[in-house]
Protein chains: 2
Amino acid sequence: MNVQLENQTCKKTAILESTLILIKEHGFHGTPMSQIAKNAGVAAGTIYHYFDSKDELIKELYVYVKDRLAAATLKDDNEKQPYRDRFIDFWVNQCSFFIKHEAFLYFLEQYINSPYAKHFAMSESKLFNSKVKPFIQYGIDNGMIRKMDYELLGPIVHGSIVAAAKFHLSGRHDFTIDRLHGMAEVIWDGIKEQGELRG
Amino acid sequence: MNVQLENQTCKKTAILESTLILIKEHGFHGTPMSQIAKNAGVAAGTIYHYFDSKDELIKELYVYVKDRLAAATLKDDNEKQPYRDRFIDFWVNQCSFFIKHEAFLYFLEQYINSPYAKHFAMSESKLFNSKVKPFIQYGIDNGMIRKMDYELLGPIVHGSIVAAAKFHLSGRHDFTIDRLHGMAEVIWDGIKEQGELRG
DNA sequence: ATTCTCTAATTGAACGTTCATTCGGTGCGA
DNA sequence: TCGCACCGAATGAACGTTCAATTAGAGAAT
């Protein structure tokens with residue numbers, strides 16, 4: 001029974017990961033269910049044992065991706081550190097995650113801008129909504145970040161992370177944690193509450 | 001003869017605009033050629049008189065969209081103005097264009113993150129590449145903007161414009177030019193060469 | 001003016017392919 | 001023997017594309 005559960009999880013995850021990679025490479029309409037099955041090492045019919053339809057599969061994949069992203073973002077977060085340092089870690093963690101897991105980045109960007117995102121707006125990662133979003137909101141509410149709506153600031157920060165990750169992935173530069181820290185500091189300088197000396 | 005040419009342009013444009021709106025609403029694979037034809041008021045076969053294939057149509061649509069975006073961005077640009085003011089206008093123009101033409105925004109975002117963008121990387125708007133890109137590059141080279149690669153700064157600026165446009169389109173706030181100017185100034189403060197007093 | 005001719009634009013039914021989904025069946029653990 | 005995970009060929013709908021036929025319009029000839 002336990003083994004079965006593990007196998008179940010294993011096959012389900014295999015299907016999700018297979019879909020992720022194929023969508024990154026060929027887009028939503030370029031990845032047939034038959035190929036998803038083949039790459040996952042299962043039969044076409046098996047997918048329908050775990051997911052109601054292709055749309056449902058993609059919807060679940062989105063939540064899976066956001067969950068993993070949120071977990072990576074919050075890695076080693078320490079509430080006792082200064083907010084600035086936590087923000088920098090947050091930014092670097094997320095960017096590193098995208099650089100390490102290219103398929104997650106490209107799937108997410110495609111999903112966010114597709115009509116799926118509008119139709120399935122109710123499906124979200126609980127971890128992301130309960131931890132990552134509130135962290136930014138906290139910075140806005142408590143005067144560490146410029147007064148802006150989260151719906152405006154969130155995408156701007158996200159955009160900077162994605163831009164940096166894509167830049168590194170394009171191969172123009174070696175990826176180093178130091179370089180990422182530098183980038184994160186530039187973004188922090190841009191969004192932090194202004195009104196002090198700069199040097 | 002002249003009338004024929006105009007008609008030709010007219011139908012071709014109708015097909016492009018029809019595709020634009022349908023892709024915004026249903027995504028690439030959600031818009032069949034048959035529906036594109038119907039919405040454009042032409043027969044299915046007519047599309048193949050102007051475009052070799054669906055892929056070719058989407059490729060041409062991308063260049064069309066980038067051309068119109070570049071034209072809107074550069075509207076009323078005056079090289080004698082200070083660089084900062086030109087940048088603000090550039091930002092506000094582009095953001096206004098996206099707010100006014102929602103379909104252009106959503107098509108572009110979908111295209112940029114799709115596998116099309118990688119396969120058709122050679123197809124670009126001449127106007128955009130010869131005017132908009134160099135304008136940013138000029139700011140970097142001449143010390144008005146932080147020293148960064150264009151490939152990094154470009155997407156960050158683009159991301160901020162898209163975030164602001166989507167925010168306005170979400171209906172949370174009325175769209176006013178003043179509000180947009182405020183946003184543009186925040187972005188400018190973030191990317192301009194630092195080293196002065198702030199108040 | 002009218003007719004003829006040639007070419008380019010346009011049509012939409014038909015074609016062949018591809019794809020998501022179904023379903024009858026297999027094997028295995030309990 | 002029951003139920004569950006799994007298989008993969010079969011199915012039918014949907015899609016991109018083709019093509020033979022039709023129309024429209026511009027100029028030449030009468």
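All values below were derived from every heavy atom in this structure, side-chain atoms included, with hydrogens, water molecules and symmetry-related copies excluded. Predicted model only: the values in this text are computed from it and were never measured. Letters A, B, ... are given to chains in the order of the sequence lines, protein chains preceding strands, and every chain is numbered from 1.
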Separation between CD of B/Glu193 and CG of B/Asn142, rounded to the nearest 0.5 Å: 12.0 Å
Collect all protein-nucleotide pairs involving nucleotides 11-13 of chain D in which both atoms are nitrogen or oxygen and the distance is under 3.5 Å.
none

Check whether any side-chain nitrogen or oxygen of B/Tyr50 sits under 4.0 Å from OP1 or OP2 of C/dT10, and answer yes or no. yes
Would the number of heavy atoms belonging to other residues, nucleotides or ligands and lying under 6.0 Å from NZ of B/Lys131 be above 12? no
Rounded distance (Å) that lies between atom P of D/dG16 and atom OH of B/Tyr48: 7 Å
Which parts of residues 53-60 of chain B get close to DNA chain D, meaning a heavy atom less than 4.0 angstrom away? B/Ser53, B/Lys54
For a quick test of reading the model, state the closest non-hydrogen atom pair linking A/Ala165 to A/Phe98 and the distance between them. CB-CB, 3.8 Å
When you check the side-chain N and O atoms of A/Glu17 and A/Tyr64, is any donor under 3.5 Å from an acceptor? yes
Residue-phosphate contact under 4.0 Å: B/His49 side-chain N/O, C/dT10 OP1/OP2: no
Please state whether the phosphate of D/dC7, meaning OP1 or OP2, lies under 4.0 angstrom from any side-chain nitrogen or oxygen of A/Thr46. yes
Calculate the interatomic distance between B/Phe51 atom CZ and C/dT10 atom P; express it in whole Å. 12 Å
The residue among B/Lys66, B/Lys59, B/Glu60 that forms side-chain hydrogen bond (donor to acceptor under 3.5 Å, both in side chains) with B/Tyr62 is B/Lys66
For A/Gln137 and A/Asp141, what are the C-alpha separation, side-chain angles and deciding distance, and is it a side chain to side chain donor-acceptor pair (under 3.5 Å)? CA-CA 6 Å; A/Gln137 191 64 56; A/Asp141 293 343; 3.1 Å; yes
Given B/Thr73 and B/Asn93, is the side chain to side chain donor-acceptor pair (under 3.5 Å) satisfied, shown in steps? CA-CA 5 Å; B/Thr73 302; B/Asn93 279 344; over 6 Å; no
Integer-rounded Å distance: D/dC15 C1' and B/Ile47 CD1: 12 Å
Contact list for DNA chain C against residues 14-39 of chain B - heavy-atom distance below 4.0 Å: none
Least distance between heavy atoms, B/Trp91 atom then B/Ala184 atom: CE3-CB, 3.5 Å
On a heavy-atom basis, which atom in B/Ile156 and which in A/Ala163 lie closest, and how many Å separate them? CG1-CB, 3.7 Å
Within 45 degrees of the axis of the six-membered ring of B/Phe51 and under 6.0 Å from its centre: does B/Lys12 put its NZ or CZ there? yes
OP1, OP2 of D/dA5 versus side-chain N and O of A/Lys11: anything below 4.0 Å? no
Below 6.0 angstrom between ring centroids: does that apply to B/Phe135 and B/Tyr83? yes
